[in-house]
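One structure is given here, and the rest of the page talks about it.
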Amino acid sequence: MPRGPREQSDANIYHVIQRGTNQQAIFRDDSDRRHFLRLLKTIVDTTDSTIYAWVLMGNHVHLLIKQDLAILSNAMQWLFSTYVLYFNKRYERRGTLLQGRFTSVPIASEEQFLATVRYIHQNPLKAGMSSSCNYHWSSFKEYSERPWIVDTALLHELIGGSHMLAIFHSQETTSADAGIASLPDEAHTGDVGVMVANLLSELNANSLSDLGKAGKKELVCELRAQGVPVTLIGQVTGISKSTIYRLLE
C-alpha cells in the first residue's frame with residue numbers, strides 16, 4: 001500500500017531517519033562513513049540546506065535538517081541512492097541496502113528541536129557504542145570542536161552558549177521527547193549491525209556465509225560477551241536461536 005504525503009513542518013525542519021533493510025549494516029568501515037559525509041556536505045553546499053545534527057550508526061543514520069519539504073525529498077533521494085550505488089560497487093553486491101523510503105519527522109517546537117538534537121547525539125551512548133556523547137561519527141564533535149557540516153549557531157543560542165553543551169547533553173531524552181514515539185529507542189535494541197560488521201572484518205570475512213562453524217561461534221560468543229541478547233543476535237544475523245545456543249555451548 002502506498003504511503004500518504006509527508007507531514008509538513010512549519011519551520012521546515014525535519015528529523016530524517018534511514019535504516020538498513022533487515023537491520024543490516026550500511027557502513028562497514030570508516031571509508032564508508034567518510035564517503036557518506038562527503039555526500040552530505042554536497043547536499044549542504046548545493047541545496048542551501050542547514051544541518052543541525054547528524055549521527056552515523058552501524059545500521060542507520062539520523063539527520064536534523066532544515067529545508068523545504070519538496071527539495072528535502074529530492075536531496076535525500078539523491079543522497080541515499082548515490083550512497084547505495086557506491087556501497088554496492090565497492091562490495092560487489094546487488095540488491096536492496098536501505099529499508100524503503102526515509103522517515104521524516106516534522107519539528108514543531110523549540111522543545112522538540114532541542115530534544116531531537118540531544119536524542120541524535122545520545123544514540124551511540126544508548127546503543128553501547130560510546131561511553132559518552134563524544135562519539136567520532138556524530139555532529140557532537142562539530143559543536144565541541146570545529147563545525148564542518150552543521151550550523152551550530154541555533155543550538156548554542158537556545159541553550160545559552162557553547163559552555164552549556166555538556167549540561168544540555170547530560171539530560172535524558174527518549175524517542176517520545178523527540179516526537180518519534182512509534183519507533184523503538186536504540187537503548188532497547190542496540191546497534192548490533194556495526195558490531196557484526198566490525199567482527200566480520202576482524203575475521204577477514206565479507207559476510208556470514210564466508211564463515212565456517214568456528215568463525216560463527218567466535219562471532220556469536222563475542223556478541224554475547226558484549227551483552228547482545230540472543231534474540232537480537234538472531235534478528236541481525238539470521239542465525240536461528242537453537243543454532244546460537246549450540247554455538248555458545
Side-chain angles (χ1 to χ4, degrees), residues 13-20 23 25-44 49-67 76 79-80 83 87 98 102-105 107 112-156 158-159 162-175 177-180 183-195 197-198 226:
I13 301 177
Y14 299 89
H15 179 187
V16 170
I17 308 164
Q18 182 60 283
R19 300 177 180 274
Q23 300 192 52
I26 60 176
F27 305 108
R28 294 188 181 178
D29 60 20
D30 289 350
S31 293
D32 292 342
R33 297 178 181 88
R34 283 191 290 268
H35 186 79
F36 184 88
L37 291 178
R38 285 193 292 268
L39 294 177
L40 185 59
K41 184 65 164 60
T42 298
I43 293 290
V44 173
S49 298
T50 301
I51 305 288
Y52 295 114
W54 58 266
V55 66
L56 308 186
M57 303 292 283
N59 61 6
H60 66 283
V61 302
H62 291 271
L63 310 172
L64 184 59
I65 183 169
K66 181 176 183 179
Q67 183 53 272
M76 293 298 99
L79 171 66
F80 293 121
Y83 179 75
F87 189 91
L98 302 177
F102 65 91
T103 298
S104 58
V105 180
I107 303 301
Q112 187 185 1
F113 174 87
L114 292 171
T116 301
V117 173
R118 193 187 296 117
Y119 176 84
I120 289 173
H121 288 160
Q122 288 179 353
N123 241 232
L125 175 63
K126 290 183 175 183
M129 297 171 63
S130 176
S131 60
S132 72
C133 291
N134 193 24
Y135 174 64
H136 186 72
W137 298 105
S138 85
S139 52
F140 183 89
K141 283 186 174 292
E142 295 199 54
Y143 280 100
S144 61
E145 298 175 9
R146 180 170 167 238
W148 176 50
I149 294 176
V150 301
D151 186 324
T152 62
L154 179 57
L155 179 65
H156 285 159
L158 292 176
I159 67 175
S162 59
H163 64 285
M164 296 295 292
L165 198 64
I167 296 175
F168 169 73
H169 283 92
S170 68
Q171 302 171 50
E172 177 67 22
T173 297
T174 67
S175 57
D177 297 325
I180 52 174
L183 297 177
D185 280 324
E186 270 67 34
H188 297 158
T189 62
D191 198 312
V192 184
V194 69
M195 298 181 187
N198 289 340
Q226 295 186 39

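Here the structure is a predicted model, which means the values were calculated and not measured. The analysis underlying the following values was restricted to heavy atoms, covering all of them including side chains, and did not include hydrogens, waters or symmetry mates.
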Tyr135 vs Asn123, side chain to side chain contact (heavy atoms under 4.5 Å, CB included): CA-CA, chis, key distance, verdict: CA-CA 9 Å; Tyr135 174 64; Asn123 241 232; over 6 Å; no
State, with a plain yes or no, whether a side-chain heavy atom of Ile17 is found less than 4.5 Å away from one of Ile180. yes
Beyond-backbone contact of Leu63 with Met76, side-chain heavy atoms, under 4.5 angstrom: yes
Taking the side chain as every heavy atom from C-beta outward, state whether Leu64 and Val150 have any atom pair closer than 4.5 Å. no
Separation of Met57 CE from Phe27 CZ (nearest 0.5 Å): 11.0 Å
List the atom of Gly20, the atom of Ile26, and the distance in Å for their closest heavy-atom pair. CA-CG2, 3.5 Å
side-chain contact (heavy atoms from CB on, under 4.5 Å) partners for Ser132, two or more places apart: Ser130, Asn134
Who pairs with Tyr14 by ring-ring contact (aromatic ring centres under 6.0 Å, His included), at least two apart in sequence or on another chain? none
Can you measure from OG (Ser162) to CD (Glu145) and round to the nearest 0.5 angstrom? 12.5 Å
Who passes side-chain contact (heavy atoms from CB on, under 4.5 Å) against His35, sequence neighbours left out? Arg38, Leu39, Tyr83, Tyr86
At what distance, to the nearest 0.5 angstrom, does NE2 of His156 lie from NE2 of His163? 10.0 Å
Worked verdict on Ile120 versus His15 for side chain to side chain contact (heavy atoms under 4.5 Å, CB included): CA-CA 9 Å; Ile120 289 173; His15 179 187; 4.0 Å; yes
Quick one, Leu154 and Phe113 - any side-chain contact, counting heavy atoms below 4.5 Å? yes
Check side-chain hydrogen bond (donor to acceptor under 3.5 Å, both in side chains) between Tyr143 and all other residues, then give those that pass, not counting sequence neighbours. none
Is the shortest side-chain heavy-atom distance between Leu155 and Leu114 below 4.5 Å? yes
So do Asp151 and Lys66 actually touch side chain to side chain, heavy atoms under 4.5 Å? no
Set of side-chain contact (heavy atoms from CB on, under 4.5 Å) partners for Asp29, sequence neighbours left out: Ser31, Asp32, Arg90, Tyr91
Just verifying a value: how many Å separate Ile65 CD1 and Leu40 CG, rounded to the nearest 0.5 Å? 7.0 Å
Considering non-hydrogen atoms only, spot the tightest contact between Val55 and Ser138 and give its length. CG2-CB, 3.7 Å
In Å, rounded to the nearest 0.5 Å, how long is the span from OH of Tyr119 to NE2 of His169? 14.0 Å
Ser144/Leu165 under side chain to side chain contact (heavy atoms under 4.5 Å, CB included): CA gap, chis, key distance, verdict: CA-CA 8 Å; Ser144 61; Leu165 198 64; 4.0 Å; yes
Whether Glu142 side chain and Trp148 backbone form a donor-acceptor pair below 3.5 Å: yes
Side chain proximity check, Ile43 to Gln67, heavy atoms < 4.5 angstrom: no
Which distance, rounded to the nearest 0.5 Å, do you find between the CH2 of Trp54 and the CZ of Phe36? 9.5 Å
Are any side-chain N or O atoms of Gln122 and backbone N or O atoms of Thr174, one a donor and one an acceptor, separated by less than 3.5 Å? no
Here the pair of heavy atoms bringing Val105 nearest to Gly179 is CG1-O, 3.6 Å
What residues form a ring-ring contact (aromatic ring centres under 6.0 Å, His included) with Phe80, not counting sequence neighbours? none
Minimum heavy-atom distance Ala178-Gln112, with the two atoms named: O-NE2, 3.2 Å
Heavy-atom side-chain contact between Phe168 and Val117 under 4.5 Å: yes
